Structure formats: C-alpha cells, structure tokens
Amino acid sequence: MRIPPSYVLKRIGFLVAVLFTAATINFLIPKLAPRDPVQELINQRIASGGLTSEGAAEFRDSLRTLYGLDKPLWQQYLTYIWNTMRFDLGYSIVDYPQRVSTIIGQTVFWTLGFVFTSTILAFLLGTVVGALVGWSKTSKWFSWLMPPLAMFSAIPGFILALVLIYYLAFKAQLFPLRGGYSATIDKDWSNPQFLLDVLHHALLPGLSMLLVSLGGWALGMRSMMVTVEGQDYITFAEAKGLRGSRIFFRYALRNTLLPQVTSLAMQLGLIVSGATLVESIFSYPGIGNRLGGAIRALDYPLIYGIVFFLIVGIALATLIVDLIYPFLDPRISYSGG
Amino acid sequence: MQRGQGFRGFLNYIRRNPAFGGGLVLLLLLLLFSTVTTIFIPKEGAYPLAVMPKQAPSAEYPFGTDSVGRDLLPTLVYGTQMTLSIGMIAGVVGLGVGTVLGFMTGYFGGLFDTIVKFLVDVLMTIPSFLLLIIIASSVPNPEEMGIVRMGLILSIVAWVQPTRAIRAQVMSMRERAFVMMAKLSGMSGMEIIIKELMPNLMPYLAISLAGSVNGGVLGSLGLQTLGIGNLREPSLGMTIYWLRYYNAFLQGYWWWIVEPVVVIAAIFIAFLLLSIGLDEFANPRTRRTV
C-alpha cells in the first residue's frame with residue numbers, strides 16, 4: 001500500500017496549523033488576561049521577605065527585559081512563535097534558571113512509561129474481552145463482565161485513584177502511597193532493585209488508568225463484533241466448515257480491530273488529560289504532576305510550555321496513526337485525496 | 001408498533017429501557033440531595049472553621065468533618081449543587097452554540113462552513129482539557145470566580161464536539177427526499193432548518209445534552225482538582241483538591257475520601273445510564289422488543 005505524497009503533505013500542513021494555533025493561543029491568552037505573572041512573582045518574593053521595595057522595581061525591569069515584555073506586541077508575537085517552533089520554551093519562573101524544555105525532558109519519560117504501558121494493556125485486554133462478549137458462541141458468563149466495566153469507564157481515573165490509594169495503599173499497604181520511587185533507594189537505573197521499586201510505584205497509577213479505559217475498549221469492540229457476526233462472509237466461512245477459532249480470529253477479530261485503532265488515535269488526547277490528573281493525585285514524578293505544581297505556583301512559562309509540548313506530542317501521534325492506517329487496512333485508498 | 005403517547009408512552013419507554021429509568025432516578029436523587037436539603041442545611045457549615053475538625057461520621061456530623069473544620073454534609077450538598085450547575089451551564093451553552101453552528105454550516109455550506117470546519121478540525125486535535133488549563137489558569141481574580149464564570153469558561157471548548165456531530169447529521173439529512181419536498185414547496189433555508197430538520201434531530205440533541213453536561217462536570221472537576229478555580233467555594237472538585245492538599249490518605253480520614261468519590265461516581269453513572277437509555281430514542285432501529 002502506497003500513501004500518495006499529496007496526502008502526507010496535507011496531513012503535515014494540518015499538523016503545522018495545529019501547532020501554530022496552539023502557540024498563538026498560548027501567546028494571546030496571557031495578553032488578554034490582565035494578570036501580571038512578573039508582578040505576582042515579585043509580590044511573592046516581597047511577602048517572603050527576600051526583596052526590598054527599591055530592589056523590587058529593578059528586579060521587575062530586568063525580568064521584563066528577560067521575558068521580552070518591553071518590546072511591541074507584534075515583535076513579542078513573532079519572537080514567541082519563532083522560539084516555540086525551535087522548542088525554546090523559555091525559563092521556569094519558580095525554578096529559575098531551569099529551562100522549561102529541561103524540566104520537560106526530566107519528567108516526560110516517567111509519564112511515557114506508565115501511560116504507554118497502561119494504555120496498551122487496557123487496549124489489548126479490553127479488545128479481547130469485548131470480542132469475547134460480542135461473539136455469540138462464547139460462554140454467556142463473559143457478559144457478566146460488561147456492567148462493572150461500563151461503570152468503571154464512566155468514572156474518571158483520578159477519582160477512582162483516590163479510592164485505590166486509600167484501600168490498597170494506605171489500608172492494605174500493598175502499594176506505596178505516592179511518588180515514582182522510594183527515597184531510600186539510590187536512583188540508579190542499572191540496579192534491578194531500583195527498577196523493581198519503580199515498577200512497584202507505577203502499578204497503582206497504571207491500574208487506575210487501566211480500570212477506567214478497559215470498559216470503553218470492551219464496549220466498542222462488543223458492538224462491532226455483533227455487527228461483524230451478522231455479515232455474509234462470516235456465514236459463508238461457517239458454511240465452508242471452518243473451525244470456530246479460525247473464524248473468530250482471522251475473520252471477525254481482524255476486521256473489527258481497525259476501527260479500534262482509529263478510536264485509539266482519537267482517544268489519545270483524553271488519555272493524556274486523564275494521566276495528568278492521575279499523576280497529580282499520586283504525586284508521580286511525570287509531566288502531569290509537574291503541570292499541577294506549575295499551576296499551584298503560577299509558573300506560567302512552565303504551564304504553557306508543558307501544555308504546548310503535550311499538544312505537539314498528541315498531534316504527532318495522531319499523524320503517525322493516520323499514516324500507518326492504510327498499512328493496517330488495505331481497503332483504504334487516498335486517491336480521492 | 002405504535003409508539004405510546006404521553007405519560008403512558010414514557011412509562012413504556014422506561015420499561016423497555018431500565019437503564020434510562022435508573023439514570024433518571026439517580027439524577028433525581030442527586031438533584032433532591034443538592035436542592036431540597038438546602039432548606040435544612042445552612043451553607044455556613046461548608047466553609048473552614050465552621051465546626052470541629054477531623055470528626056468521623058457521628059450523630060452530630062452524619063458525614064464527618066474535614067481537617068480545617070468544614071462539615072462534609074453541607075460541603076457535599078452545596079458542592080453537588082455547584083458542580084451540577086457548572087456542568088449544566090457549560091453543557092447548555094456548548095450544545096446551543098454547537099447546534100446553531102452545526103445547522104448553519106451543515107445546511108448552507110460555503111466559506112463560513114469551510115472556516116468553521118477547519119477550526120473544529122484543529123480544535124479536535126488539541127485536547128480540550130489542556131486548552132481549558134491555559135484559559136482557566138490565566139483568568140484574573142480566581143477568588144471571585146462563580147458558577148457562571150466557570151461554566152462559561154468550560155463552554156469555550158464545549159461547542160466543538162457538538163458542532164462537528166450535528167454538522168455531519170445535517171449534511172446527511174440535507175439530501176433526503178423530505179427536504180427536497182420542502183424546498184420544492186418554496187420553504188426558505190431557515191424554515192427548513194427549524195420546521196423540518198430540527199424536529200428530526202431532537203432525540204439526537206437530547207442525548208447530546210447528556211454528553212455535554214457530563215463533559216462540563218468532568219472538565220470542572222479536573223480543573224478544580226488541579227487547584228484552578230475558586231479555592232474558597234466548596235465545589236466537588238475543590239473538595240478533592242483539599243483532601244489531596246491536607247493528605248487525607250496519610251491520616252486515614254476515609255469519610256473525607258469516600259464520600260465525594262461516591263457522589264461524583266453517582267453523577268457520572270447517572271449520565272452513563274441516561275445516555276445508554278436514550279439510545280433507543282435517538283436510534284429507534286436499535287429497539288430490542290416491541
């Protein structure tokens with residue numbers, strides 16, 4: 001299957017439009033809102049006794065120059081877009097002189113690790129369960145799984161996480177209460193004990209993500225399985241006398257998987273938003289918890305930087321799924337453009 | 001096969017779709033809990049230093065109290081009221097704007113349609129919750145943020161999904177015979193939209209409303225859990241923010257954790273059951289039995 005270059009170009013053009021819009025929103029919103037992060041930071045410093053009032057004025061001017069706030073608006077905008085496209089997201093206010101991109105680099109792998117693993121697991125498990133429930137020749141016992149799974153899928157992960165922490169971590173003490181690794185172990189990625197500790201910490205956040213997304217995949221898969229089972233080619237396969245398992249895997253499952261992959265691409269944004277909140281609840285050292293911290297500290301460059309980074313990540317992932325989709329489904333052609 | 005009319009038809013519908021009945025009952029219970037009870041329960045108890053802190057549920061405080069002296073019964077009563085109102089405002093405004101835009105673009109097409117469609121496509125790629133974080137965290141004077149302002153902030157992203165869905169529905173209906181008939185009989189575009197298309201999409205709009213309000217509630221809970229919004233008011237999301245802030249887990253205050261979770265879960269399950277139950281109303285072909 002070949003993807004026409006015009007389609008690829010169109011999709012990449014769309015990606016650029018998305019990033020441009022996101023960067024413009026990031027630039028405009030703080031200009032529209034009469035909230036002055038520089039002044040707020042200085043007020044904080046004065047309140048904590050770190051600044052005198054003469055020093056404060058000087059400090060404000062130098063911060064304004066540093067963030068380019070003394071230049072005309074259009075020049076600020078062009079500089080902002082140019083910097084953003086080079087992924088220069090500026091400095092964190094609270095953790096000055098840390099760069100926003102450095103902070104993102106330090107935290108993103110924690111998020112990728114547990115979000116990626118739990119999403120893939122939920123997708124596979126949910127798809128299999130949904131397929132088994134939807135297929136009429138499997139045991140009726142499977143259908144008992146659906147109502148509880150549907151219930152879980154309605155509740156947001158960070159709400160479920162609260163209950164899991166209380167009962168599994170605090171009461172039963174099966175899991176750590178918070179964080180990504182124990183403070184008592186050296187942070188050494190080549191040490192298997194440290195890796196086990198990291199895994200142990202990731203299990204409960206991962207479980208909250210898994211439980212709430214399992215139901216969605218299962219529900220979607222079940223309804224598609226029911227539709228596919230009524231198709232003529234299934235009846236024909238049965239008439240040919242093929243084994244049930246072969247019809248299930250090669251005929252039904254294969255055809256229902258494609259829409260599932262599409263909805264996986266569409267759900268990415270929701271999954272990342274949910275993970276942000278789950279991380280905050282667990283104080284997991286990922287990018288979402290950092291975002292929560294930045295919001296509490298009014299660290300605007302960090303808030304905008306992390307949000308922009310997440311938007312880029314999701315837009316890229318969606319693009320990749322769009323481009324590999326024709327390889328999964330030979331029926332799709334882009335000749336119509 | 002005649003669909004029942006009036007109240008009898010409504011009861012028949014519930015009998016065929018127990019999920020709808022369940023969702024309706026759950027939602028009514030939540031509304032009763034958050035409105036009628038306010039006659040007996042003053043709001044003062046929902047603010048810090050109102051009562052003795054850190055009390056487990058007892059005869060005096062049936063829901064217990066938190067560690068800064070909020071009585072959790074009024075906190076949850078008024079919190080549910082606030083959170084449902086925020087979701088309602090966001091859902092109604094979002095669906096309203098989405099309906100107008102969806103009908104306009106889907107029926108008339110043209111340059112306006114091209115612009116709106118492009119905007120919708122771009123905004124569908126940007127996760128709405130992240131957009132909300134940017135907007136809501138930049139709003140000045142969060143201590144003055146009321147229910148209406150929070151609802152309107154949420155509605156900034158709530159129109160996107162309905163616009164897209166309704167536009168697609170209208171485009172598929174535009175070519176049907178009954179619309180052609182109406183055109184031939186000399187009806188204007190607006191007349192066709194209001195008299196012919198709207199009534200056909202009513203069931204679909206009803207199910208969309210459940211989804212939009214659900215989205216508004218979810219968005220407000222997420223923002224408040226991150227500490228965006230009015231920190232003083234006892235909304236459900238802020239209750240989650242404070243129990244995290246004061247580490248209710250480490251102290252073992254189970255009531256402070258379990259109670260808001262149960263109320264929030266009830267809200268979402270009510271909307272889930274309603275939308276499952278309304279499915280037959282929106283797509284009569286999925287009807288199982290007569």
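By convention in this document, chain letters (A, B, ...) are assigned in the order of the sequence lines, proteins followed by strands, and residues within each chain are numbered from 1. Since the structure is predicted, the reported quantities are computational estimates derived from the model, not experimental observations.
- Proximity to chain B (any heavy atom under 4.5 Å) is restricted, for Y167(A), to the side chain, taken from C-beta onward.
- A side-chain donor from one of T24(A) and Y77(A) sits under 3.5 Å from a side-chain acceptor of the other.
- With a threshold of 4.5 angstrom between heavy atoms, Y166(A) approaches chain B through its backbone and through its side chain.
- Chain A is approached within less than 4.5 Å, heavy atom to heavy atom, by I240(B), Y241(B), L243(B), R244(B), N247(B) from residues 231-248 of chain B, ordered by number.
- For Y304(A), the parts lying near chain B are the backbone and the side chain together; criterion is any non-hydrogen pair under 4.5 Å.
- Looking at I264(B), the atoms closer than 4.5 Å to chain A (heavy atoms on both sides) all sit in the side chain, from C-beta outward.
- For a residue to count as touching a neighbouring chain, one of its non-hydrogen atoms must lie under 4.5 Å from one of that chain's; by this rule L177(A) touches chain B with the side chain only.
- By a heavy-atom distance cut of under 4.5 Å, L218(B), L221(B), G222(B), T225(B), L226(B), I228(B) are the residues of residues 214-230 of chain B near chain A, going up by number.
- For chain A, the nearby part of V258(B) is the side chain; its heavy atoms alone come within less than 4.5 Å.
- Only the side chain of I133(B) comes within less than 4.5 Å of a heavy atom of chain A; its backbone N, CA, C and O stay farther away.
- Of the two parts of L291(A), only the side chain, counted from C-beta on, holds a non-hydrogen atom closer than 4.5 Å to a non-hydrogen atom of chain B.
- Interface residue I314(A): only side-chain heavy atoms are found under 4.5 Å from chain B.
- Residues of residues 115-126 of chain B lying under 4.5 angstrom from chain A, judged on non-hydrogen atoms, are F118(B), D121(B), V122(B), T125(B), I126(B) by number.
- Ring geometry for Y80(A) versus F27(A): interplanar angle of 30 to 60°, hence tilted.
- Among residues 271-280 of chain A, the residues having any heavy atom closer than 4.5 Å to a heavy atom of chain B are, in sequence order, S273(A), L277(A), S280(A).
- A distance of 5.0 Å separates CG of L278(B) from CZ of F20(B), quoted to the nearest 0.5 Å.
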